Amino acid sequence: MTATDTTTLAVAGRPVRVRISGPEDGTPVLLLHGIARSLEDWHQGHDLLAARGHRVISADTPGFGFTRAQRGRPGLATFADAMAGLLDAADVTGPAHVMGNSLGGGIAMTLCVEHPGRVASLVLVDSVGFGSEANISPLPMLYATAAGLPVVGKRFLPLARAASIKIAQDQFFDPSFATPESMRHYAKVGRQPDFRRTFFGTAATLGVPMVGVFPGWRRALLARVAEADIPTLVVWGDADTVLPPHHLEAAKRAFPDAQTHLFRDTGHMPQIEKAAEFAALAGDFIAKVDANAG
């Protein structure tokens with residue numbers, strides 16, 4: 001599953017792992033993954049969008065995937081700054097269409113408001129920011145940490161494996177999408193040097209487990225995005241157990257002019273489970289945006 005056609009670009013003096021495809025003169029599209037994930041979440045969608053003639057850039061968020069963390073505290077603003085720097089490093093001088101899944105949606109919205117002129121449109125895929133519920137469990141990492149303890153540690157290994165498998169399967173309506181290859185990939189991602197610090201540091205800025213996502217940053221961010229008046233498409237999976245599908249109704253209230261779509265029999269990552277349908281919908285949306293801009 002690990003992409004072999006990746007490279008790195010220097011952002012603030014540090015390498016960021018990226019995958020870039022499509023014609024150099026194609027409309028730029030930036031793809032952002034969710035918390036604890038990597039650019040591989042966009043692999044099929046990346047290829048499909050590149051085939052439509054776009055210059056597609058997938059990136060590991062610093063601290064996740066196989067990219068080391070940037071300086072400073074992890075969080076939406078830090079990640080958005082890194083993505084603005086990445087666009088510069090990729091020689092994207094005009095606005096890009098930015099698509100973000102889960103945490104990536106929050107990064108995309110933050111990029112939009114913190115770096116005006118860099119975002120041509122937003123495609124928010126089961127994005128954070130629209131509700132208080134977030135079923136993101138730290139148990140696999142806690143069990144994995146406990147497994148490293150002397151004497152008793154090995155007793156936690158089966159718990160860590162079982163928790164990781166369940167969480168991977170719960171990302172999808174069809175659990176077969178959580179392939180053994182993908183689980184091996186994300187187990188490797190979870191062992192990277194900055195992973196735990198980035199995960200827990202990011203989570204702490206967004207909310208509290210068992211309590212919910214903080215309302216303050218959500219309301220402020222959504223208000224700023226609405227004021228920016230950027231063309232927006234919001235999509236959701238109707239079987240999302242991480243960020244429940246009723247968040248789509250909150251998105252409609254926050255962005256009444258946005259285009260929306262609910263994917264049937266789909267979990268938290270429609271760009272994987274419904275890759276072709278998603279790419280067609282998102283591709284048609286950005287083509288319309290480009291036509292209206294021209």
Side-chain angles (χ1 to χ4, degrees), residues 1-4 6-19 31-43 58-83 85-86 100-107 110 128 134-149 153 156-171 178-209 213 242-243 268-269 272:
M1 177 183 174
T2 304
T4 58
T6 61
T7 187
T8 60
L9 295 176
V11 176
R14 299 191 175 193
V16 173
R17 177 173 170 260
V18 298
R19 182 173 181 241
L31 306 178
L32 305 176
H33 62 77
I35 193 168
R37 307 290 292 185
S38 75
L39 61 80
E40 277 74 11
D41 277 0
W42 284 100
H43 185 82
S58 302
D60 282 348
T61 301
F64 295 128
F66 299 107
T67 293
R68 296 297 302 267
Q70 297 280 316
R71 296 177 181 87
R73 185 181 185 185
L76 294 177
T78 300
F79 297 145
D81 288 346
M83 293 303 103
L86 178 67
N101 174 228
S102 196
L103 177 69
I107 299 170
T110 306
V128 297
N135 181 25
I136 303 172
S137 174
L139 281 179
M141 280 174 286
L142 294 175
Y143 287 145
T145 299
L149 295 173
F156 290 91
L157 281 172
L159 291 173
R161 293 192 188 101
S164 295
I165 291 170
K166 185 178 187 306
I167 287 172
Q169 292 176 335
D170 285 350
Q171 300 275 321
T179 64
E181 182 184 11
S182 70
M183 285 188 280
R184 286 192 295 270
H185 168 80
Y186 282 107
K188 187 175 180 181
V189 165
R191 294 193 294 269
Q192 297 307 300
D194 299 325
F195 180 87
R196 284 183 173 81
R197 178 175 70 84
T198 305
F199 178 90
F200 287 112
T202 302
T205 69
L206 300 179
V208 177
V213 179
V242 178
L243 298 173
H268 186 55
M269 290 184 281
I272 296 177

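Model, not experiment: these values are computed from the prediction.
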Undergrad: Are the side chains of Thr7 and Val18 in touch, meaning some heavy atoms are under 4.5 Å apart?
TA: yes
Undergrad: In the structure I gave you, are the side-chain heavy atoms of Leu32 and Leu103 within less than 4.5 Å of one another anywhere?
TA: no
Undergrad: Arg14 and Ala69: which non-hydrogen atoms are nearest, and at how many Å?
TA: NH1-O, 2.8 Å
Undergrad: Would you call Val242 and Asp170 a side-chain contact if the rule is heavy atoms closer than 4.5 Å?
TA: no
Undergrad: Roughly how far apart are Phe64 CZ and Tyr186 OH, rounded to 0.5 Å?
TA: 11.5 Å
Undergrad: Can you sort out the partners of Phe66 under ring pair (Phe, Tyr, Trp, His ring centres under 6.0 Å), two or more places apart, ordered by chain and number?
TA: His185
Undergrad: Can you name the nearest heavy-atom pair linking Phe195 to Val189, along with the distance?
TA: CD1-O, 3.6 Å
Undergrad: Could you tell me which residues satisfy ring pair (Phe, Tyr, Trp, His ring centres under 6.0 Å) with Phe79, sequence neighbours excluded, listed by chain and number?
TA: none
Undergrad: Residues in side chain to side chain contact (heavy atoms under 4.5 Å, CB included) with His43, at least two apart?
TA: Ala3, Arg19, Asp47
Undergrad: Given 3.5 Å as the limit, does a donor-acceptor pair link the side chain of His33 with the main chain of Glu40, or not?
TA: no
Undergrad: Taking only residues at least two apart or on different chains, which pairs with a member in residues 69-82 satisfy salt bridge (Lys or Arg N to Asp or Glu O under 4.0 Å)?
TA: none
Undergrad: Would Leu31 and Leu39 satisfy side-chain contact (heavy atoms from CB on, under 4.5 Å), going step by step from the backbone distance to the final call?
TA: CA-CA 8 Å; Leu31 306 178; Leu39 61 80; over 6 Å; no
Undergrad: According to salt bridge (Lys or Arg N to Asp or Glu O under 4.0 Å), who are the partners of Arg68, at least two apart in sequence or on a separate chain?
TA: Asp194
Undergrad: Applying side chain to side chain donor-acceptor pair (under 3.5 Å), which residue pairs with at least one partner in residues 198-207 are found, sequence neighbours left out?
TA: none
Undergrad: With sequence neighbours left out, what residues match Asp60 under side-chain hydrogen bond (donor to acceptor under 3.5 Å, both in side chains)?
TA: Arg17
Undergrad: Are Asp41 and Ile272 side-chain neighbours, meaning at least one heavy-atom pair lies under 4.5 Å?
TA: yes
Undergrad: How long is the gap from OG on Ser102 to CD on Gln171, to the nearest 0.5 Å?
TA: 7.5 Å
Undergrad: For residues Leu76 and Gly106, report the shortest heavy-atom separation together with the two atoms involved.
TA: CD2-C, 3.6 Å
Undergrad: Would you indicate whether the side-chain heavy atoms of Phe200 and Pro74 approach each other to under 4.5 Å?
TA: no
Undergrad: So, for Ser38 and Gly65, which heavy atoms are closest and what is the spacing to 0.1 Å?
TA: CB-CA, 3.6 Å
Undergrad: If I compare all heavy atoms of Thr8 with all of Pro15, which pair ends up nearest, and what's the gap?
TA: CB-CB, 3.9 Å
Undergrad: Between Asn101 (side chain) and His268 (backbone), is there a donor-acceptor pair under 3.5 Å?
TA: yes
Undergrad: If we only count heavy atoms from C-beta on, is the Met83 to Thr110 side-chain gap below 4.5 Å?
TA: no
Undergrad: Please report the closest heavy-atom contact between Gly72 and Arg197, naming both atoms and the distance.
TA: O-NH1, 4.3 Å
